[in-house]
Amino acid sequence: MHSAVGFWGRKPKYLNSPETETFHKSRELYGLYEARKFNQNLTKLIIVEGYMDVVGLAQYGISYAVATLGTATTAQHLERIFKMVDEVIFCFDGDQAGRKAASRALETTLPVIKDGKQARFLFLPEGEDPDSLVRQEGTENFEQRLQEALPLSDFFFRTLGEDADLNSLDGRASFSNQALPMIQLMQPSILQQMMQEKSANLPA
């Protein structure tokens, strides 16, 4: 696989092409050209963390993965993706760094998501990445994990609820005070309305 507008290397880590007038890391995606080429009816894309994850998944027939070019996923990335497909699946390592990256991706996605579009979040077993895991368990098992990825709303409430005592009025009020401003950043949609209602009416 190749990038049509930039080059990369693996020593010492990633050596990416510099920004130019035609090459912007904030919106370019490694593997996107191939994903569109090999999937005439492309409906979803997986965003993984590394170039070799894109290559490894493609070797096992999962040819709809892309990676950002050494940066976190941006709103520009997502806006470009959602013009092409209705669903994006973020795929992260299950360690603390992966959780932090997922939280950042969630914050980036909230203002971009619209009705008819879907974002989901998949966490792999700690110590594994997509390349290593698909080699261990095969295409079918990895695709089953993709099908079970958490919808954005589930990940949102699970993440914010981890540090809140939802069994107390004070805890639920604190949760809502944190959640509602984030939900208000979303574009007007049925999903936004449902998330607002759930945040304001947490079960006792």
Side-chain angles (χ1 to χ4, degrees), residues 4 24-49 53-54 57-58 61-69 71-92 98-124 130 139-140 142-161 175-176 178-203:
H24 300 277
K25 295 178 186 177
S26 63
R27 65 170 182 257
E28 298 299 340
L29 291 156
Y30 178 79
L32 181 59
Y33 172 84
E34 287 80 7
R36 298 180 70 179
K37 179 180 179 180
F38 293 109
N39 298 276
Q40 293 184 349
N41 298 310
L42 191 65
T43 60
K44 62 185 174 183
L45 286 170
I46 312 165
I47 298 181
V48 295
E49 296 186 80
D53 295 322
V54 175
L57 290 174
I62 301 175
S63 57
Y64 48 94
V66 297
T68 58
L69 302 182
T71 68
T73 303
T74 65
Q76 289 88 348
H77 287 135
L78 292 174
E79 287 167 354
R80 186 178 184 193
I81 286 172
F82 281 134
K83 287 179 180 178
M84 291 180 280
V85 298
D86 292 334
E87 180 181 357
V88 60
I89 303 172
F90 293 99
C91 185
F92 295 102
R99 294 281 171 177
K100 288 183 178 179
S103 294
R104 291 194 299 270
L106 173 65
E107 293 174 1
T108 302
T109 306
L110 285 171
V112 178
I113 199 79
K114 301 177 181 178
D115 283 336
K117 305 297 181 180
Q118 185 176 17
R120 294 193 290 146
F121 293 78
L122 172 64
F123 294 94
L124 304 183
T139 304
E140 184 176 346
F142 193 90
E143 288 187 325
Q144 182 62 36
R145 290 182 183 273
L146 294 172
Q147 293 176 18
E148 296 170 356
L150 285 173
L152 178 146
S153 57
D154 289 355
F155 178 59
F156 177 87
F157 286 105
R158 177 178 297 187
T159 300
L160 269 65
F175 175 92
S176 293
Q178 182 181 5
L180 286 172
M182 296 177 68
I183 296 172
Q184 288 169 358
L185 295 175
M186 298 172 66
Q187 300 183 39
S189 62
I190 295 172
L191 178 61
Q192 183 198 42
Q193 181 180 347
M194 295 177 68
M195 289 175 65
Q196 286 174 329
E197 292 174 354
K198 180 173 180 177
S199 179
N201 298 283
L202 292 170

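Note: hydrogens, waters and symmetry copies are ignored here, and every other heavy atom, side chains too, is used. Starting from 1, each residue takes its place in the sequence as its number. Please read all numbers here as calculations on a predicted model, not as lab measurements.
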Item to check | Point-to-point distance, once rounded to the nearest 0.5 Å, from CE of Met182 to CD of Glu107 | outcome: 5.0 Å
Checklist entry - Roughly how far, to the nearest 0.5 Å, is the CD1 atom of Ile47 from the CG atom of Asp53? => result 13.0 Å
Checklist entry - With no hydrogens and no angle check, is any side-chain donor or acceptor of Glu87 less than 3.5 Å from a backbone partner on Leu45? => result no
Next on the checklist: For Phe121 and Phe92, take the angle between the two ring planes, folded into 0 to 90°, and tell me which bin it lands in: parallel under 30, tilted 30 to 60, perpendicular over 60.
Outcome noted: parallel
Checklist outcome for this item: In this structure, CZ of Arg99 is separated from CG of Leu106 (nearest 0.5 Å) by 12.0 Å
Item to check | Distance, nearest 0.5 Å, that separates CG of Leu57 from CD of Glu143 | outcome: 9.5 Å
Checklist entry - Would one find more than 12 heavy atoms of other residues, nucleotides or ligands at under 6.0 Å from atom CE of Met194? => result no
Next on the checklist: Return the CD1 to CD distance between Ile113 and Gln187, rounded to the nearest 0.5 Å.
Outcome noted: 9.0 Å
Checklist entry - Does the cation-pi check pass for Lys114 over Phe82, that is, NZ or CZ under 6.0 Å from the six-membered ring centre and within 45° of its axis? => result no
Next on the checklist: I'd like to know if the side chain of Ser199 reaches the main chain of Met195, judged simply by a donor and an acceptor atom lying under 3.5 Å from each other, with no hydrogens or angles considered.
Outcome noted: no
Checklist entry - Would the number of heavy atoms belonging to other residues, nucleotides or ligands and lying under 6.0 Å from CD of Gln144 be above 12? => result yes
Checklist entry - Quick one: does Asp115's side chain have a donor or acceptor within less than 3.5 Å of a partner on Ile190's backbone? => result yes
Next on the checklist: If I compare all heavy atoms of Ala75 with all of Thr108, which pair ends up nearest, and what's the gap?
Outcome noted: N-CG2, 3.4 Å
Checklist entry - Looking just at side-chain N and O atoms, do Asn39 and Ser63 make a donor-acceptor pair shorter than 3.5 Å? => result yes
Next on the checklist: Is the positively charged end of Arg120 above the ring of Phe90, judged by distance under 6.0 angstrom from the centroid and angle within 45° of the axis?
Outcome noted: no
Item to check | Heavy-atom pair with the smallest gap, counting every atom of Lys44 and Tyr64 | outcome: O-CB, 3.6 Å
Next on the checklist: Once rounded to the nearest 0.5 Å, what's the spacing between atom CZ of Arg145 and atom SG of Cys91?
Outcome noted: 9.5 Å
